[in-house]
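Below, read A as the first sequence line, B as the second, and so on, with proteins coming before strands; counting in each chain starts at 1. Since the structure is predicted, the reported quantities are computational estimates derived from the model, not experimental observations.
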Amino acid sequence: MSASLPIYDLDEEILAALNRCPRLLLQAPTGSGKSTQVPQILLDGGALGNGRCIVLQPRRLAARMLAKRVAEERACALGGEVGYQIRLDNVSSRETRILYVTEGILLRQMLADPSLQGVSTIVFDEFHERHLHGDISLSRALDLQASRRPDLRLVVMSATLETGSLMPHLAPAEVLRSEGRAFPVEIVHLPYEPRDEPVWESAADAAASHFEKTPGDILVFMPGAYEIQRTIRELQNRLGSRCRILPLHGELPAIEQDKAVGRSHGRKIIVSTNVAETSLTIDGVTLVVDSGLARIARHDPARGINTLFIEKISAASADQRAGRAGRTAPGMCIRLWTARDHSRRALSETPEIKRLDLAETVLSLKAAGIRDLESFRWIEPPEPVALARAESLLHDLGALAVDGVITPVGLRMLQFPVHPRYARMFLEAEACDCVREAALIAALTQTRSLLLRSDRKTEDERQEIFGGGTSDFSVLMRALEWARERDFRMADCRALGIHAESARQASRLQEQFLQIARDLGLPTGATSPPEDRLARCILAGFADQVALRKAAGTLLCDIVHGRRGLLTRQSAAQDASLLVAAEITEIEGRDGDPKVLLGLATGIEEAWLREMFPDDFQESAEYLFDKSQNRVVQRRSRRFRDLVLEIRDRDAAPGPLASACLAGQVRIGALRLNGWDDAVEQWIHRVNFLGRICPDLGLPPLGEEEREHIRLLVCEGATCYRDIKDASVLPHARSLLEPAQQHMVDRHAPERFELPSGRRAKIVYSESADPHLSARIQDFFGLDGELRIAQARHALTLHILAPSQRPVQVTRSLATFWTETYPSIKNQLQRQYPRHEWI
DNA sequence: GAGCACTGC
């Protein structure tokens, strides 16, 4: 079989090209045999000299399997001439000439030995995936080649010819192309824009109507587990028991995944996430139905949180998905979007370096002596604001000095192969004498989730056995200990919804971290520290993610730096009013709204904050309220500013701050006094907004007097729409609000309403009912369609209601928003609320 | 009233 590999036709050209030039770009699709053959061509052609060829792989499984196959082809023992190295698993020796490694391994090697002694060639496989570690290793390898190692040869292999942007970095370089050996796949786009129906319905329709026309299995791509479950339900309605319908996604237990991937009697339909796009291959698929959507992780440097939204996939990604229908026979791919939509999609996915948190990367570059990050040889330069964010976090963690140079603490942190936040936690653990526990916590965050999503009964049982602490980490730690005591036995673990393989992996990682800690001289003896010592360690790494519950009955929290989020429902930190979240992720809820979720939370106490960060506290308390002027003055944002205000206000009601606020001297919303400010403003805006966009509702705009009525009402304790409506004391305000309610879609979500045209709309916060302003923003973002603008506190959400489409949502960070559009909104508001002081 | 893609040191 390997004799027919297309790559063989290129062997002489590859060797000749590398003789002419030490850089080669090889474009070859999956299935061309490049991953197994190119290293052998180099070795057998004498291109390696006495050195070793390192082959970079994006996935552990691939690194191991490729090494195994090549060792077999060469009839040598794995770990001899051919080997592999992945985390915690090194099968190589001094004799190894071809070494398959995952991308992070090479980066660690470069830190330990910057000139890569003994390496003659590096092959970057699957480079088109553009992982962060792959990008950085190529940059550093090019740097090395240009400075100390002109003999080093670099081969970049990529499935797509997105070489346009890559070539300038590699030039001068040789370029070669090879064909794949896949079967043709016919691609069908929708002839017209899709109707207003959920994607799982269109997908089920497409799969069901082609079920008889295609001979093999069907693969449906969906963005996530929820959509998968809905699709499966729809398919069952349409096809009944005519075939098996199986889900496939990363959080599924291995046994379920095997069922979807493996061979089976009879036909099947697999409904999968992106795992089936690159990581898992399924043979026998002849029809792919592609929703064209995926959940994409990004890091928002302006807010310092991670986001996970459903986005349209790129053309390259769609091609990769389509290719899954042609592995064993000619196939077909139905795309649930139009050709017109397709032509406007991005050519390839945004590289990770433009999407992810760069703290760890920046720290390693600083350690390599790179002072000026802007002039580093980026394959694709990251956003300056992302670099700045990373540097400021590293500075806060004590890893970088004021001049941007790495500190001794930073160098110690770098020894731990984890995000700098967790590395910082390790160093704090030394002082708290709980290194063992810190190692466990860090390990638990490095594996895929230990606790599987389970039914209510299993979750209650887990709560019974592992609950009782004030930290989500303590639940995970107990679950891991429990699994370890049972030797990670599959049956035991499954009964409590514990992912046995994750538990085993976490346990081994803990050992790795403990070894590193011992090497650094940290005490790793077995202690059983009180929970609060551990909480302080977590706080050291996540001081900028402290949150305060708004009230005992709600999961809503204020997070430092003016952010907001929801504590996860099942959190162990639910009883704490002050907490630190190790994970802040903004996701797209089922109703399409963005929601910030606080995960991996730990309850903390204000006294610890005061002890650990006395400076922050001092400054916030002293300067925020200027007694001599009896007003609040602007201060540079400090770490705990917002939260300290709240804490103080709870202690001392009504206090001078409250009086100032009530007297209208302070901008409403700048101070949060039990939420009344926001509530008032939002109600006023809602009514005014409704009145403007739906003139036929007959809602007169609220004047000063009505506004005052509502404000007083809310001050008296009303917190929601119903309270206002039911209050009999203010009939005028009530009569204004009632018609508004008739147009509400859902009384639990009063901001949703129906336009007279039948379209649905939604207001979160609308400062821009002014049509002129609306047009400006529309212009600014370059959007078509009718536009409504909703501003949450930290993100600008645009709801676009194009004819016969579901609302489309575009969220932008406020950074862009502030500089471009805010001044105009502010002017408008200042005119509207002249009595308020703006800070 | 519950919410979350995929990798990797």
Report yes or no: do A:Ser449 and A:Glu251 form a side-chain donor-acceptor pair below 3.5 Å? yes
Quick check for you: among [options], whose closest atom lies nearest to any side-chain atom of [X]?
X        : options             : value
A:Gln446 : B:dG3, B:dC6, B:dC9 : B:dC9
A:Arg569 : B:dC6, B:dA2, B:dC9 : B:dA2
A:Glu251 : B:dG3, B:dC6, B:dC9 : B:dC6
A:Arg60  : B:dC4, B:dC9, B:dC6 : B:dC9
A:His133 : B:dA2, B:dC9, B:dC4 : B:dC9
A:Ala297 : B:dC9, B:dA5, B:dG3 : B:dA5
A:Glu360 : B:dC9, B:dC4, B:dG8 : B:dC9

Could you check A:Glu103 against A:Ser137 for side chain to side chain donor-acceptor pair (under 3.5 Å), going step by step and ending with a plain yes or no? CA-CA 8 Å; A:Glu103 292 163 328; A:Ser137 2; over 6 Å; no
Give the rounded distance in Å between these two atoms: [atom1] of [X] and [atom2] of [N].
X        : N     : atom1 : atom2 : result
A:His299 : B:dA5 : NE2   : P     : 20 Å
A:Leu252 : B:dA5 : CG    : P     : 11 Å
A:Leu363 : B:dC9 : CG    : C1'   : 13 Å
A:Glu277 : B:dC6 : CD    : C1'   : 10 Å
A:Leu280 : B:dC6 : CG    : P     : 10 Å

Should [X] and [Y] count as an ion pair when the cut-off is N to O under 4.0 Å?
X        : Y        : result
A:Asp319 : A:Arg335 : yes
A:Glu391 : A:Lys366 : yes
A:Glu349 : A:Arg355 : no

When we call it a touch if two heavy atoms are under 4.0 Å apart, what does [X] touch: a base, just sugar-phosphate, or nothing?
X        : answer
A:Thr273 : sugar-phosphate
A:Arg59  : sugar-phosphate
A:Ile86  : sugar-phosphate
A:Ile105 : sugar-phosphate
A:Ile310 : nothing

Hey, is the side chain of [X] poking within less than 4.0 Å of OP1 or OP2 on [N], counting only N and O atoms?
X        : N     : value
A:Arg295 : B:dA5 : yes
A:Thr278 : B:dT7 : no
A:Arg448 : B:dG8 : no

In terms of the nearest nucleotide of DNA chain B, which residue is placed more toward the 5' end: A:Glu103 or A:Thr568?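 Its nearest nucleotide lies further toward 5', so the answer is A:Thr568.
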